2 protein chains.
Amino acid sequence: MSAIDEGKMTDEHRRILVVDDEPQITRVLRTTLSAQGYDIRVANDGEMALELMKNWTPHVVITDLAMPNLDGVGLCRQVRQMSQVPIIVLSVRGQDRAKVEALDAGADDYVTKPFSMNELLARIRAQLRRTPAAEQQPSAITAGDFSIDLDARSVKVAGNEVHLTPKEFDLLVYLARRPGKVVTHRTLLAAIWGPNSVEQPEYLRVFVGQLRKKIEIDPSSPKYLLTEPWVGYRFESGL
Amino acid sequence: MSAIDEGKMTDEHRRILVVDDEPQITRVLRTTLSAQGYDIRVANDGEMALELMKNWTPHVVITDLAMPNLDGVGLCRQVRQMSQVPIIVLSVRGQDRAKVEALDAGADDYVTKPFSMNELLARIRAQLRRTPAAEQQPSAITAGDFSIDLDARSVKVAGNEVHLTPKEFDLLVYLARRPGKVVTHRTLLAAIWGPNSVEQPEYLRVFVGQLRKKIEIDPSSPKYLLTEPWVGYRFESGL
DNA sequence: GCGATCTTTACGAACATTTTATGGAACCTT
DNA sequence: AAGGTTCCATAAAATGTTCGTAAAGATCGC
């Protein structure tokens with residue numbers, strides 16, 4: 001009944017990942033947040049959260065600090081390797097030190113338990129408010145002979161459709177969204193394979209090779225998918 | 001003496017607007033934040049803050065709630081009409097309702113007084129962290145015939161593009177970011193090769209030579225990449 | 001079990017960096 | 001002013017990484 005609900009309610013279909021090992025917490029969050037119209041998924045620890053995020057990218061992450069396997073601070077660090085998604089830490093620990101550590105590890109907000117649900121909801125809204133740009137992504141990318149349909153996950157080169165595997169597609173899209181910009185190996189690996197794969201540049205070599213075989217006219221002298229030696233790769237939208 | 005740590009100054013030159021009518025608060029914030037390297041301006045109420053922001057756009061706004069003329073919530077609404085700048089509300093009022101109202105009015109964070117300065121600093125860092133790169137650093141450096149595109153990692157001299165290796169690129173960028181300023185051998189070596197390579201000036205000679213071959217019209221009488229004998233090198237942006 | 005996809009391995013070629021060598025210029029001492 | 005020393009520029013050899021490619025194992029879904 002707060003006085004401030006003027007029809008700005010575009011919160012539907014926003015995905016929230018809740019990470020906590022205490023069932024009481026996850027249960028109440030799941031029901032409350034679901035009632036607000038959010039899509040909720042729950043993970044019981046940091047590792048599980050990372051695993052989940054490979055296939056399901058949330059708009060906000062809410063995480064506890066104390067967890068088995070991978071704690072909240074570690075989770076923040078790992079997530080920041082691959083994503084800018086807002087992270088709200090929810091913890092019983094209220095000391096400066098804990099807050100500073102979490103915030104500097106990549107968290108965007110820190111709420112101490114016990115917390116007011118109204119406040120948490122408002123903080124979620126505040127976080128969601130400034131990520132509309134990410135959601136307004138075009139459903140298609142075109143560049144030169146290229147057209148990438150993001151909804152259908154299909155790619156056409158000079159008229160004819162080519163079939164790409166999921167990872168090939170993700171890789172191409174990630175680069176094609178940043179035309180002309182060099183993306184480092186680390187960034188690319190973290191974004192496509194997850195933050196644990198940051199030290200496996202072989203993946204990139206293999207998949208870039210595969211991609212070039214499919215989308216380049218002459219794979220041995222690529223026009224679109226270019227190597228920036230010792231640094232990374234970049235996508236050029238046809239010269 | 002000790003190694004010059006140029007890499008750690010990302011928070012410098014960030015502008016923070018403090019809005020509060022209590023002199024004790026503004027005084028302590030001004031001194032503490034200034035000591036951190038931020039540029040601080042103070043306004044005593046919301047109206048004054050808006051006036052100030054016409055000519056001086058901050059990277060973060062920190063505001064009290066209770067103020068004459070225009071209070072914190074009103075300030076949030078007005079600011080949101082024209083800017084996405086992060087707003088941190090600082091207030092003695094700790095009730096849900098106040099928090100929800102402020103956050104829904106456009107605030108990004110809410111801290112209750114009395115507050116821990118360490119926590120506030122961390123929250124400021126968290127807010128600054130996600131302001132888009134466009135605001136932080138130019139993605140291009142231009143100087144005379146030069147243009148360096150940091151995203152594309154490409155360098156153009158008088159129209160034609162030259163390809164630089166990673167170390168060459170890093171070296172040039174480091175110097176070009178400080179035009180006219182002499183950078184000592186030690187500093188350069190520490191910055192590009194790491195603090196363990198401070199005693200290997202041969203690297204510099206070799207790489208400066210290669211850079212000159214690529215970017216100077218007459219490498220034997222350089223125009224841009226100049227030697228400061230016995231001290232270091234400096235970049236001049238074309239006389 | 002089968003096909004598609006992903007992961008892992010291996011190796012020659014291409015490339016960047018490090019090391020070494022040489023000649024010349026600038027500085028210091030006497 | 002001569003000799004010795006340190007620094008600078010350049011070239012080129014030696015070393016070490018990375019890249020592209022192919023192909024063999026591992027994994028997943030049906």
Side-chain angles (χ1 to χ4, degrees), chain A residues 51-52 54-55 153-155 162-175 182-194 196-234, chain B residues 153 155 162-175 182-186 188-194 196-234:
Chain A
E51 193 59 35
L52 229 159
K54 284 184 184 172
N55 305 316
R153 291 183 74 85
S154 72
V155 177
V162 294
H163 172 76
L164 300 184
T165 71
K167 285 245 155 63
E168 289 168 2
F169 185 82
D170 291 345
L171 185 57
L172 179 62
V173 167
Y174 193 95
L175 289 167
V182 176
V183 183
T184 65
H185 298 135
R186 284 185 64 88
T187 306
L188 221 38
L189 285 164
I192 311 295
W193 277 269
N196 298 328
S197 312
V198 163
E199 308 291 342
Q200 254 88 356
E202 315 87 53
Y203 294 172
L204 284 178
R205 292 206 299 276
V206 173
F207 275 79
V208 166
Q210 217 102 33
L211 257 177
R212 293 214 258 239
K213 263 198 280 190
K214 293 185 177 181
I215 65 174
E216 297 280 0
I217 300 154
D218 177 5
S220 60
S221 66
K223 260 176 60 185
Y224 302 110
L225 202 44
L226 304 181
T227 302
E228 196 68 31
W230 308 84
V231 183
Y233 293 90
R234 74 175 196 275
Chain B
R153 292 186 77 89
V155 177
V162 293
H163 182 80
L164 302 183
T165 70
K167 286 240 157 65
E168 290 167 2
F169 186 81
D170 292 346
L171 185 57
L172 179 62
V173 167
Y174 192 95
L175 289 166
V182 177
V183 183
T184 66
H185 298 137
R186 288 183 63 89
L188 266 180
L189 285 163
I192 310 295
W193 277 269
N196 299 328
S197 312
V198 164
E199 308 292 340
Q200 253 91 350
E202 315 88 52
Y203 293 172
L204 282 179
R205 292 205 295 276
V206 173
F207 275 81
V208 166
Q210 282 182 330
L211 257 178
R212 287 193 182 137
K213 259 197 286 189
K214 292 186 177 181
I215 65 174
E216 298 281 0
I217 299 153
D218 178 7
S220 59
S221 66
K223 259 176 60 185
Y224 303 110
L225 202 44
L226 304 181
T227 303
E228 197 69 21
W230 308 93
V231 184
Y233 293 90
R234 74 174 196 278

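As the structure is a prediction and not an experimental result, all values here were calculated from the model. Only heavy atoms go into these numbers, but all of them, side chains included; no hydrogens, no water, no symmetry mates. Throughout, a chain's letter reflects where its sequence line sits, starting with A, and its residues are numbered from 1.
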Checking B/T227 against B/R212: is there a side-chain donor and acceptor pair closer than 3.5 Å?
yes

Just the rounded figure in Å: distance from C1' of C/dT7 to CD of A/E199.
17 Å

From CA spacing to verdict: side-chain contact (heavy atoms from CB on, under 4.5 Å), A/E199, A/R186:
CA-CA 7 Å; A/E199 308 291 342; A/R186 284 185 64 88; 3.4 Å; yes

Just the rounded figure in Å: distance from C1' of C/dC6 to CZ of A/R205.
16 Å

Starting at atom NZ of A/K167, determine the distance to atom C1' of C/dT8, rounded to an integer number of angstrom.
14 Å

d(B/T165 OG1, A/W230 CH2) to nearest 0.5 Å is 9.5 Å

Option from A/L171, A/V183, A/L204 for which side-chain contact (heavy atoms from CB on, under 4.5 Å) with A/Y233 holds
A/L204

Counting only N and O atoms by type, is there a donor-acceptor contact under 3.5 Å from the side chain of A/E168 to the main-chain atoms of A/Q210?
no

Using heavy-atom distances to pick each residue's nearest nucleotide on DNA chain D, tell me which of A/Q210 and A/P201 is more 5'.
A/P201

Euclidean distance, A/I215 CD1 relative to A/L164 CG, rounded to 0.5 Å:
7.5 Å

Taking for B/H163 and for B/Q200 the nucleotide of DNA chain C with the nearest heavy atom, the one nearer the 5' end belongs to B/H163

Classify A/V206 by what it touches in the nucleic acid, base, sugar-phosphate, or nothing, heavy-atom distance under 4.0 Å.
base

Roughly how many Å is it from CD in A/E202 to P in C/dT7, rounded to a whole number?
11 Å

Integer-rounded Å distance: C/dT18 P and B/L171 CG
12 Å

Using only side-chain N and O atoms of A/T165, determine if any of them is under 4.0 Å from OP1 or OP2 of C/dC6.
yes

First and last nucleotide of DNA chain D, 5' to 3', lying under 4.0 Å from heavy atoms of chain A:
D/dT17 to D/dA22

Please classify the nucleic acid contact of A/F169 as base, sugar-phosphate, or nothing, using heavy-atom distances under 4.0 Å.
nothing

CH2 of A/W193 versus P of C/dT5: gap in Å, rounded?
14 Å

Closest approach of A/D170 and A/R153, non-hydrogen atoms and distance?
OD1-NH2, 3.0 Å

Distance check needed: C/dT18 C1' versus B/I192 CD1, whole Å only.
16 Å

Separation of atom CG in A/L226 from atom P in C/dC15, rounded to whole Å
14 Å

Does OP1 or OP2 of C/dC6 have a side-chain N or O of A/Y203 closer than 4.0 Å?
no

